[in-house]
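One structure below.
Naming: A, B, ... by sequence-line order, numbering from 1 per chain. Just so we're clear, the structure is a prediction, and the values are computed from it rather than from any experiment.
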Amino acid sequence: MKSRFLMANALLAATVLGAAPTAQAENLTLCWAAWDPANALVELSKGFESQSGHNMSFEFVPWPNFADRMLNELNSGGKLCDLLIGDSQWVGGAAENGQYLKLNEFFDKEGISMDDFIPATVTGYSEWPKNTPNYYALPAFGDVVGWTYRKDWFARPELQTEFKATYGRDLDVPNSLAELKDIGEFFQGRNIDGKKVYGAAIYTERGSEGITMGVTNALYNYGFAYENPDKPYDIEGFVNSKGAIEGLEFYKDLYDCCTPPGSSDWYMGANIDAYKSGQVAMQMNFAFIWPGVEADANVGGGKSGYFPNPAGPAGQFAQLGGQGISVVASSDKRAAALEYIKWFAQPKVQQDWWKAGGYSALRAVVEDPSFASSQPYAQTFLDSMAIVKDFWAEPSYASLLLPMQARVHNYVVAGQGTAKEALDALVEDWKEVFEDEGKL
Amino acid sequence: MPKSAIERAAEVTPPAVARRIKGLSDRAIAWIFVTPTIVILLAINIFPLIWTIWLSFTNFRVNRPNNAVEFIGLRNYERILTDPDTWMTMQATAHFLFWTIFFQVLIGFALAYLINKKFKGNDMWTTIIVLPMMLSPAVVGNFWTFLYQPQIGFFNYVVSFFTGVDPTSFSMIGDVSLAPWSIVIVDTWMWTPFVMLICLAGLRSIPDNIYEAAECDRASKWRQFWTITIPMVLPFLMLAILFRGIENFKMFDLVVQLTGGGPGSTTELTSINLKREAFEKWRTGFASAYAVILFVTVFGLASIYVKALNRVKAR
């Protein structure tokens, strides 16, 4: 009898006390891509679990299937994910179709200001329509395409001498895309430590978004623009401008001259493998790989250096990567999911996020005087984030991406037609999409 | 005397049920048994087919639930049939179909002919030969990307060994002229054993006394092969071609893993293209029209083929 009385009291106390921070402990599921930063987030989220009493589960999907799997989930109104760290280009569709919760009210209530985050990440990951204060995500992971290079190879005196004799300048971080190609050519087929090496690993993947994420780093810097800045969706002469054609030709030249044999379908993972195994002198890749490079036994510990995407004739830009964290509108645990976002936005947590290998987009973290020297790649990350551009984030983003994948791959890898034909065809494809959408 | 199954069933039927079905005709009872199957078939086969046909005349997109669905007549069909890219994927599919079936039938029949001979280790070889078809196509596609790797791939090494060509000088999945053959080679490697098994069944179904009679008539081995073996195995071969044809028309996983449809769109088969339209671009109406066109094509070709098959069997 006594024990029953004690149990009843304990239950009552637990109910009352437990109700203080939130109504009840929830099992929250966070969905993201399966990659190194996701593992870091699992560790980081333990802090949220102990603080809030909620349990966190994770659903990580490999990159090649990430979009398929998650967009299926959103489109079917599935309840698998309460929180989703979705690709930046999904925000338009998810916002217009009511799949992400609009966060403005929540941000206002909790005092979370988008001014505290890197502007490019706010525009890229959170806003829809772009450049309007309508937020559907909190910038979660800043990312950008940059370059990694073999600092130890570049420093070899015999290579320095030979390079200077050939190109009339020091073998160093390239200042332009043309210089980058020179370096690629220099290393292509060279024998280093008894092994044949190649110039650069670049994105060429056909199936998902790979080659588009790569080629845009050349296109932007040669003068490609998605649309007329004064007239939305007016793409003729911008997508296929003279500069854009030269940019596409440059990317093909780079592929032809300076990449390893068989690299016709390479994306993030393949480039990392090629670089870490000592096949290439340089690799194009998103910044998320840099902590892994630094920690690698073969190429880390000072053997590698980092530089932002070099400038072209029309300027210096880099392809934006990264994601924002959103609350899935069909979730039954929205209150707890918002709690997670509130917790994640805290400067202390963002600081820990950076230390754990996640790229925080909070200005307080990246603008801290100690940030630039905190990691060998930190300054390159900052420099790269200052020059980002992103692909379309329209609701019809996939319909815009797929023809670009096909047209660019057809020209760059398959060598069919000319750059002008490829971009002219892309313009026609995109016009058709915008006509279908009623935007033209 | 043991009771029959019907008598035993009658005994265990509860009286209430027996009273209820008493007076029902055989036809009514048959309907009672068949109805659940018909309902399930209608629900999971016929209804989706009719629904797909309806969607093919609309601009419906499954990822835009808030948009109004408009009836657009034959516009989807017109766009598909006048799109040069669609015809390119059709060409890629035709190339893949023709050459995979050609090689599989040729090699599969030859292997079956050899395996059919009595020799030591016959069973072991049969088991080894059929191993590839037991693997997952996705796994096969994935590991062949390594075999085709110019720097470390076994395939390039073997070609180099026999021809002296530098293994890094060619890329099976990165070269426009080689990529269509790369998928043909892998599919042939994987599915030839299937054709072999069907041919083996055909060869083993030929009674020995026919060959014995031919021997008595002093027919040469060559004559026996063309006048007995081939005609008797032909229906089996045609069946194998039908199965492989239908399977390869909808080939997806192996090719996606191997080439992703590339380089460019060189190996983008119709099924890959259809999947991109339906589940990446989410053009549900358009993809439905595409699916209907493919369905009609396969159904039409298969019907003609089955008629031919029946004629061969009737001979």
_B:F154 CZ: over 12 foreign heavy atoms closer than 6.0 Å_ = no
*Engaged part of A:P64 at the chain B interface, taking heavy atoms whose separation is under 4.5 Å*: neither
*Among A:P261, A:P395, A:A398, which residue forms the greatest number of heavy-atom pairs with chain B at distances under 4.5 Å?*
A:P261
Distance-only donor-acceptor pairs under 3.5 Å across chain B and chain A:
unit_1	atom_1	unit_2	atom_2	d
B:N63	O	A:N97	ND2	2.9
B:R64	NH1	A:E437	OE1	3.2
B:R64	NH1	A:E437	OE2	3.1
B:R64	NH2	A:P395	O	3.4
B:R64	NH2	A:E437	OE2	3.4
B:R79	NH1	A:D436	OD1	3.3
B:R79	NH2	A:E432	OE2	2.5
B:R79	NH2	A:D436	OD2	3.1
B:D85	OD2	A:R407	NH2	3.3
B:Q151	NE2	A:P261	O	3.4
B:Q151	NE2	A:Q279	OE1	2.9
B:G264	N	A:H409	ND1	2.6
B:G264	O	A:R206	NE	2.5
B:S265	N	A:N410	OD1	3.3
B:S265	OG	A:R206	NH2	3.4
B:E268	OE1	A:R206	NH2	2.7
B:K275	NZ	A:D68	OD2	2.5

*Listed partners of A:C31 passing disulfide bond (SG atoms under 2.5 Å apart), at least two apart*: A:C81
_As an exercise: rank A:L401, A:L402, A:V433, A:I211 by heavy-atom pairs under 4.5 Å with chain B and give me the winner._
A:L402
_If you count every heavy atom of other residues, nucleotides or ligands that lies below 6.0 Å from B:F71 atom CZ, does the total exceed 12?_
yes
*asked:* Filter on ring-ring contact (aromatic ring centres under 6.0 Å, His included), then keep only pairs touching residues 246-268 of chain B, sequence neighbours left out; what's left?
replied: none
*Not counting sequence neighbours, which residues clear side chain to side chain contact (heavy atoms under 4.5 Å, CB included) with B:L49? List them please.*
B:I53, B:F295
